[in-house]
Every structure is written in C-alpha cells, then in structure tokens.
Amino acid sequence: MTRATKHRELRWLIGLTRPYRGWMLAGVLLATLVILANVALLALSGWFIAAMALAGLGGGAINYFTPAAAIRGLAIARTAGRYLERLVTHEATFRLLAGLRQWFFEHLEPLVPARLQDRSGGDLLSRIRADIDSLEGAYLRLFGPVVTAVLTTFLMGLFLLFWSPGIAAVDLAGLLLAGIVVPMIVLRTGLDAGRALVEARATLRQRTAETLRGLAELNLFGNPQHRLDRLRRDNAELIEPQRRQNRLDAGGNALNGLIAQFTWLGMLVLAIDLVRNAHITGPELVMLALFGMASFEAVAMLPPAWRAWGETRQAARRILDLVDAEPAVPDPDVQEPPPTRFDLDFDRITLRYPGRAEPALDAVSLVVPQGGIVALRGASGSGKTSLLNALLRFWPLTDGDIRIGGRSIRTLSGDGVRGLCAVVSQHTHLFNTTIATNLRLARPEATEAELRAVLAAVGLDDAIAAWPQGLDTEVGEAATRLSGGQARRIAIARALLKDAPVVLLDEPTEGLDAASERVVVEALRRLIAGRTALMISHRPQLLSLANQIVHLDQGRIVHP
Amino acid sequence: MRPAPAPSKAQTRRLDRWLRSEARNVRQPLRAAVALDGLNGFLLIAQCWLLALTLNATALEHALDHAQAHSLEKHSLEDVWGYIAAIACLFVLRAILNYLAQRLAFEAGARLRTGLRARLFARIEELGPAWSRNQRSGDIATRLVDGVEALDGYIAGYLPQVRRALLIPAAILVFVFPADWVSGLILAITAPLIPLFMILIGGETERLNQRQWRSLARMGAHFFDLIEGLTTLKLFNAARREARLVGRIAEDYRQETMGVLRVAFLSSMVLEFLAAISIAMVAVYVGFRLMYGEIHFQNGIFVLLLAPEFYLPLRSLGNQFHARMDALGAVEPIIELLNAPSPTDRQTDHRGTVPCHAQDANPNAGLREGSDEDRNEENPDDHPEADPDKAPGDIVFDGVDFAYPGGQPLFHHLDLTLPAGCVTALVGPSGAGKSTLTQLLMGFLPPTAGRIRIGGKDLAHIDPEAWRRHIAWVPQSPTLFLGTLAENIALDRDAAAAPIDDRTRSALWQAAERAQALAFIERLPKGFDTRVGERGQGLSGGEIQRIALARAFYKDAPIVVLDEPTASLDPESERLVSAAIARLAEKRTVLVIAHRLSTLASCDRILYLNDGRILEQGSHADLIAHDGAYADLYHRYRQATS
C-alpha cells in the first residue's frame, strides 16, 4: 500500500468535514478551555491556600481578592464552557451527519444496482449502516478529543516550561505514555480478541435465529439438548474474548493510573528540589503538584478515541471502496428525443460481467413488437435478469445494441430509458411510509382519486378502504397489515400509476401461494394490457399471459 | 428496527426492579468488587494525607525555615522521602485493587448474561415450534444477543458505580470533618444536591434524551430504507428527488434536536457547576481560615486534595446513566420472552405427568403411553409398536376442536383418517388450517378438545419426544443450520461430540443418493463437509429442498409430512425433488399439503379442507366424478395453467 492510499480515508474524512470546520474548531477551543479551566482551578486553589497559610503564619502580606475572584471565575468558566462545548460539538456532529448522508446517497445512486449486484443484500446493508454510524461519530469520538488533547498538552507544556524544563519534560512524557503508548499497546494486543468477539457475536446471533426458524426441524430431526448445549457453548465463546479484552482494559486502566500518579510524584520531587534551591516558593510547589495531578484530564478521552480511530478508518475505507467505483453506464453527451414507438429490438447483444469467463449474454437477438408479450424462461444464471438490466441501462452492453422504437438506448440517458419502463419484480421495494406515499413515488402529483383507481385495478381498493387509516396506513406495519400478495399488488398499482409504455416483469409472482398468485396474475394482466411487455417467470399461470415464450440457456436463446 | 415507545416512569421503575433482582444472582462478585473499591477509597484518603504531610513539610515549613533562618531543613526533608516512598507503595496497591475490581465486575456481568441466556434458550425450547413459527427470528436473535449484551453496562458498570457513589463520598466526609468542619459542611451540603438535581432535572432530561434518541433512530431507519430501495427509486427516476430529501430531513432533525439538547445538557451543567463551585468554595474558605490561623496547613491542603475526589464518583455516575438507559431499553422484550404464554400451556394438565425415561434411553422404543390410568381407558391389550420402521398404525383425528388462544375456533369436530402406509393429500384454500393441522399431527399444538389417535393411542398420552421420533417433515422452506452438509443431514448427532464414523458416512451417502442430492454434493469441492449458513449460501432452492429430503431419508421415519416442498422451484429442480418424494412415499404413511394440484393424481387419498372441516375426501378420480368443490378447484387450476 502506498502512502497516498494509506491516508486516503483520513484525507477524505477531513475533506468531508470542511464545511463545518468553524463549528468543529469552536468545539475544540471550548473543550480546551474547559480542561485548562479545571487544571487552573486546582493549581490556583493549591497556590492560594498555601500562600494564605504562609501569610497567616506571618510569611508576608497577600492580595487575596484577585486569586479568590479568579478561583470563582474559573469554576464558572469551566461550567459554562462545558455546556457550550457540548452544544457546539453536537451541532457540528449533526451538520456532519446531514452532509455525510446526502453525500453517500448521491454517490451510491449511480452505482445501483450494477455495482452492488455481487454483494449479498442484507449483509451489505447492515455493514453500511454500521459504517455510516461510526463515520457520523468521527468528530465527537475521534477528531474532537485528539485535537483537544494535542492543544491542551501543548499549552500546559508551555506553562510548565516557564517554571522548569525538567518538570515540563516529566509531565509531557507521562501524558505521552498515558495518552498514546499504553492505549496503543492495549489496542494492538486486543485486536485478536476484538475480532474473535465480533465473530462470536455473529455466530451466536445466527445460531439463535436459525434455532427459532428451524425449531420444528430441530424437534423432529435433532436433539434439543444438543442444541441447548451448542448455544451455551456459543455463549461461552463470546464471553471468552470479552474476558481477554476486559483483562487488557482493566490492566491498561490500572497502568494508566500508575503512570499519571508517578508522573505527578516525579514532578513533585523535582519541584521539591527547586524549593530547596529557592528557585520557586512554597505556594508555587503546591501549585505545580496539583497542576500535574489535574493535567491528565487532557488525555482522558484519548484511549476511546484510538479505539474509534481503527473503526472509523475501516468504515471510511469500506464506504470509499463502495462509492469509488465508476458509474456502470455513463449517460451520452448528446441525448436524442424519446422514441414514439415502443417495440423492443435486442440486436445481437453480448454482456460480460468483469471477472467472469463466460458472458452472461452471448449475441442474443430478440424482438418484442409493440403491444407484444414475450416471456423468458430458463434456469437461474441463464441470463434472464441480465437482459432486463441491459435494457434498463443498469449494465453496459459489451457488444450489440438495444433499440426502443428504433432508437438505440445508447443515445438515451439512463433516466430516459427507465422513464419508459415500469418494472415489477419479486424484490420491488415498498418503503416504510404510507401506502399513498409509496404509490406517489411513480407520480408525485397523482390525486387521491387516481390512487384509488389504480388500487381498484389491482383489487385492493376495498381492503385498504376498510383500514382505519386508509391510504395513509403505514406500510411499516406490513407484517400485520399486508400479505405478500397484497404488497406485490401495491407494487403493481404503482407501476400502473407510472403508466409507462413498456412493462418488465421479473418473477413477480415468486414466493406467493396459489391463491395470492391468482389475484396477482389478474392484476398483472391489467398492467400489461395494451403495453409492450417482457416477463421472466416459470410459473404457468403467468406464462399463460404471454404470446411468445423464449428459452434462455447459458446466455443464448435455445429452441427446444 | 423500529424504536420502541418511551417507557413511562412506572415502567422504568418496574424494569429497574427486575434488573436489580437479576443482579441478586451475581451478588457475590458484585459485592467483592464494591468492597475492593471501598478499600481503594480508604487508601486514596491515606494517600492524600501523606501528600498533605509532604506538601506541608516542603512548601510551608521549609519556606518558613528559610524565612526565619532556622536550621530545621534537613530534618523536615528527610521525613519527606519516607512519605514519598509510602505514596509510591499506595499507588501500586491501588492499581492492583483497581484491576481486581474491574475484573470482578466483568465476571459478575458475564455470569449474569450466561445465566440469562441459558434461561432464554430453555424458554424458546419450551415454547416450541408452534410459537416460534409466528416469530420474527432475526428480531429475537437480536434481543438474545445484543439485548442481553446491553445489560452488561447496567450490571458491571452502573450498579457498582451507584455503590461507589454512596460509599466513597461518605468515607471522605468522615475524614474531612475532623480536618476542617467548614469544608466538611460545604461538601455535605452540596453533595446531596447533586443527586437531587439529577432526579429533578434528570427525569425530564431522560425523557428528552430518549425522545431525541428515538427520533435519531427513526431518521436512521428512514435513511437506510431509502438505501435499501435505491434500485426501486431509480426505476421511478425518484432517486435525486429523495437525495435532496435526505439532506432536508437531517437538517430538520438537527434544528429540532438542538432545541431539545439545549435543555437536556442543563442537567449535566448543574452537576458540573456544583462540583466546580464547591471546590472553589472549599479553596477560598480554607484559604481565609488558614490566613486567620484557624486551621493547620496540612489539614487545609488535605481537604482541598479530597474535594475533587469527593465529586468524582458522583460525576461518573452521570456517565453510567447512559448504560442504564440502554439496559432499560433492552430489557422489556427479554422479560416479554421469559413470560410469553406457551401455545401448549392449557394442555399441560391433560398430559401424562410421568416422564418417559425409558424412551429417552432407548431411541428405538416405539410409542409408549405416559400414564397408567390413561392406558386403562384405552384398549389395554393393544400394545404399542416397537419397530420404528413400521408405521405405528392409522392416524385418526377424532372430533378435534382447535382454536389459537384468544382466536376464533379453527377446527370444530374435525374427523379424518390417515391410513397407515398410504399417501394422503390435503388441499384447500389458504387460511383453511392446513399448516395448523400438521402442527397438531406433529404434536406441536394440542387439540382444544377431541383426540388424535395413533394406532388407537391418544396422542396426548404419548411422550412427545417418542412420537416425534416417528415423523419426518419436509417444509416449504427448510432451514439449513450453520455447519457442514453432513451435520445438516444427520441432525441428531452432536457434531462437537464425535467425528462422523464410517457407518454414519455410508448412511449419509445413501440418504443423499435417494434424495437426488448426491450428485450435486459430490460436485462441491468439499462434498459433505461443505459448510452452509442460515440461508444456505451457495445452494439453490432445489438443492436446499433435496438436503431436507435427505434429512428425511436419513431419519427413515415411518410417517412423513410434506408441506408443498416443490412450491418455489424451477422446473428442473421440481422434477428431481418430485422423483425423490415419490421414493420417500414408498411404504410410509405420508401427509402432503398441496397448493398446486398437478401432482395429486398419484395420491391414494385426497382430503379437501375448508372452513375447518373436511368437505370432501376420496381418490382423485372419485372426487372429480363427484364434481364438487375439489373438482371445481381442479378445473379452475387446470384452466389457469393450460
């Protein structure tokens, strides 16, 4: 790995924070103020009572008003500073969050679905989720504490240097050890345990889920006792790395405590020497001792920050790897006006996925006349979905051309082509919002009457009207409200609302029971009526709608 | 995941109580941890006292010596080295105590989590398949793993900190009062204000914090919902529209949340303020009392050193509130699961109470009744089957009623017979109760009334485990378990206990061969040792189905229940699976649930289930000739598929 790519994540993250730099800087300055106020409060208090004691014993007169007022002032500065600091750092974090999410969404959009096809859906999503979460916390957990620690340590060092280079050196060494060396060692040593822990947690989660899903099978085929033992073992395997980590963390804590304490003890011994040689006064000795004690607050936030550092960096790397891919199909520079006829002409198209030896489509030619309904059959992996993806400009063609109404899709933008097509697939996503909002995705300006009309066309109007919230029912309650068939029909209603001249169906009845399948097929019949349609299915009910059936095998059309 | 509704105060108290009662199970390590912390507190006080002596000797007396030109210098500085050595020893001792206390707190948490998980697993096992099939497995898995993890912060973090926050300030007060009663008073007065303010402001803040957390979760859910549906958005050319929305929602959220946080952060400000101002007050008052000669310097500095330590545990408690909230948020669904009503609860009184240990020991034993009285009720001469290869007689539903708890009756006086050695198909519209019927047959649900007889025996009096040894089941979407294919087929083996021997291997081979699975398994680079996951990564639907069939062949049970195993397969897979099923059906009692009617002609008998009863029964030809509901369904089906 070169230097440039090594720091790519860091540079990217810092670049991302640029618009919020003012807020972040303010947060760091306030945090520095809070720590310094606290250190100064204790140091000044120590100096003050020692000086007062000396004055009381006849060691000289003292102006006690100024330090007493300063002590109160520092206490208030620390309190107010802390409050403001929390407000400002949260402000900065939320601004970063908004920016990051929009950035991510905009950068992911051109890559979907082409670049994400190989990655398994659920895994990828939960990983993205965790990654975005840790990036959103980057300022609060990582940048803020680190910059603050550097700044406060520098300022405290300057202050101590004024009194004695030796004392300053001891404090700096202690801070360095406690803030960087020990936490880094703990982190390094704990890497294995951390990995084991993540793995063990995933295993336990998966084993629990499969136990629930397959409880009947376990009861009939397996031995429930073995299963319980197994789960207990999985639990023990999760606890064990946690124990190792706890040992390390507890040891690290104790060691850091020792470092802090021996540091100020060292500072004290040096200061005693200075007093003996009359370089400093007694009250100054007390001040330096208490200063040393309080100074470790500067690095208290560093151990968790280093932990966040590893996570943040990994997260940034994965997110960057994801969005750094080139958009799959660039739009043409000059776009032609949309076609007026809607027959589809696949002309010897070849499509090859990177890293695969065999082409997914190998010189496939197929014509769907306007208003025609063509069905594609074939085993999984025969190239059916690739054909649709090529048409929708989700994947670039390696060779050949596709024409809609005689116009090559190469001369149309991705949005332009997709505007002509309505797609219903097994995986059509319903968003976790109201039914009305889900439908209006197809046409934002659609009236309620229009929504009811398309729902009526798929036979859902009565069922939805019967719900108390009607069209405003949240789909999120889908588990209880919508059956698989109903969800599919809402997707069909949405496609109807789009009123596109070309309809593409990708196994739209997959996973439904026979009764639901029947009503879904009925709704699909209405959707494709009068439109050019291309469908993928091996379900007889659906195939009966087609007026031509084409068989695909290993990327070629076969004629059985 | 949707955020749960905010718990009310009473609820919070209830959950808190539950957590504390759970903590009683790990009383010993927790107490030991707190005891070590207490000891550490005392050593800290001693350390402060030694430091006060050191500072007194060096900063004050030494300075005075200089000023007054006495020659006590040597004497006082020699004392100091002794103090410093003692302080260094205390450092080491305290570090050790600190380490041990952290370890003990962890062990307490670990033991609690282990125990709780064991109970939850046992509970799931007890609730059984009739319950679990209606649960969202991912949700519960999260509860059991991450939810239980979240309790750790409460047990190992929050609870010991509560004790520390009581113990250490009290101990410090005991020593501060004799040193300087004015400072003691300042501390004593301000300290209770901290928890008081925390309760006063904390209650409100807690709610605000929660509301904010929840809306953050909601916003996150919305965002990831959009990411998940990005392809769909693109198909509607709506992605760019939504991208603007993402930014706007986050911006709205920021404004709303910052308004909340301005109030929420006040509570922590009060805490900071009291701690800071008390230190300032102690310093100033002690300073003046020193100047007037009312106390000795070493007492004064001792008090000043203790003042920050006095507030430290209280401030740390504030940080632990987060862990407490996390735990309270996670605990509700856990309690819910522990208290979930079992779908078979009401039947426990009817069932024989004598456990069948003999059957546990001997897997080859046939059906045996659970209780002697019940046997008298039945025909006493009729001995149960002992040969697992032979079907244990006809299966008869005799006036069976069934209703889910709190639901409408599903079956009323259901009568049907599954003749031994025959293939019976169950058809009917969805929602007619076909799956529930198989659950009853497999003994996962008990009838509300009536009997299910197996070769004359009432199923309610048969040990469920013994009964299940006679049944193999191939569901619509079989579960593959984490492990190798071999482990998945021979599910009864404890994979960790012993490696697969030659006999098992040949049985596996045979079962796979009969299930039409051998060819594809042997094509895999690792064959039977290929590891598969929950969703059977790398295997197609048809292959998973054939693994499930291999499981059934391997078990070689006399009764087979098939829940439309070819429903979602492509034609080639369907052909292979159907061939394997035909083989499995030979010489066994088979119940097949069929949504598709194309394969029914080969069944011995067909039962048409509707409205909770058997509407028609007979062979395919009989029912077509009868021209009733089945014939109607069949013709419509043919029409649709032709």
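Lettering of chains follows the sequences in order, A, B, ..., and the numbering in each one begins at 1. In this text the structure is predicted, and so the values were computed from the model without any measurement.
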Under a 4.5 Å heavy-atom cut-off, does chain B meet the side chain of A/Ile71, its backbone, both or neither?
both
Please state whether the side chain, the backbone, both or neither of B/Ala101 comes within less than 4.5 Å of a heavy atom of chain A.
neither
Apply the test side-chain hydrogen bond (donor to acceptor under 3.5 Å, both in side chains) to residues A/His226 and B/Asp492: give CA-CA distance (whole Å), side-chain angles for both, the deciding distance (0.1 Å), then the verdict.
CA-CA 8 Å; A/His226 290 172; B/Asp492 60 328; over 6 Å; no
For B/Ile84, is it the side chain, the backbone, both, or neither that has a heavy atom closer than 4.5 Å to a heavy atom of chain A?
both
Closest non-hydrogen atom pair, A/Ala50 against B/Phe297:
CA-CE1, 3.4 Å
What pairs with B/Phe288 under side-chain contact (heavy atoms from CB on, under 4.5 Å), at least two apart in sequence or on another chain?
A/Phe48, A/Met52, A/Tyr64, B/Val284, B/Met291, B/Tyr292
For A/Leu265, which atoms come within 4.5 Å of any heavy atom of chain B: side chain, backbone, both, or neither?
side chain
Under a 4.5 Å heavy-atom cut-off, does chain A meet the side chain of B/Ala238, its backbone, both or neither?
side chain
Suppose we screen for side-chain contact (heavy atoms from CB on, under 4.5 Å). Which residues come up paired with B/Val145, at least two apart in sequence or across chains?
A/Arg201, A/Leu204, A/Arg205, A/Thr208
Below 4.5 Å from any heavy atom of chain A, which atoms of B/Ser278 appear? Answer side chain, backbone, both or neither.
neither
Which atoms of B/Gln439 are under 4.5 Å from chain A, going by heavy atoms: the side chain, the backbone, both sets, or neither?
neither
Proximity breakdown for B/Asp152 and chain A, heavy-atom pairs closer than 4.5 Å
neither
Most contact-rich option vs chain B, by heavy-atom pairs under 4.5 angstrom, among A/Glu106, A/Arg82, A/Arg72, A/Glu136, is A/Arg82
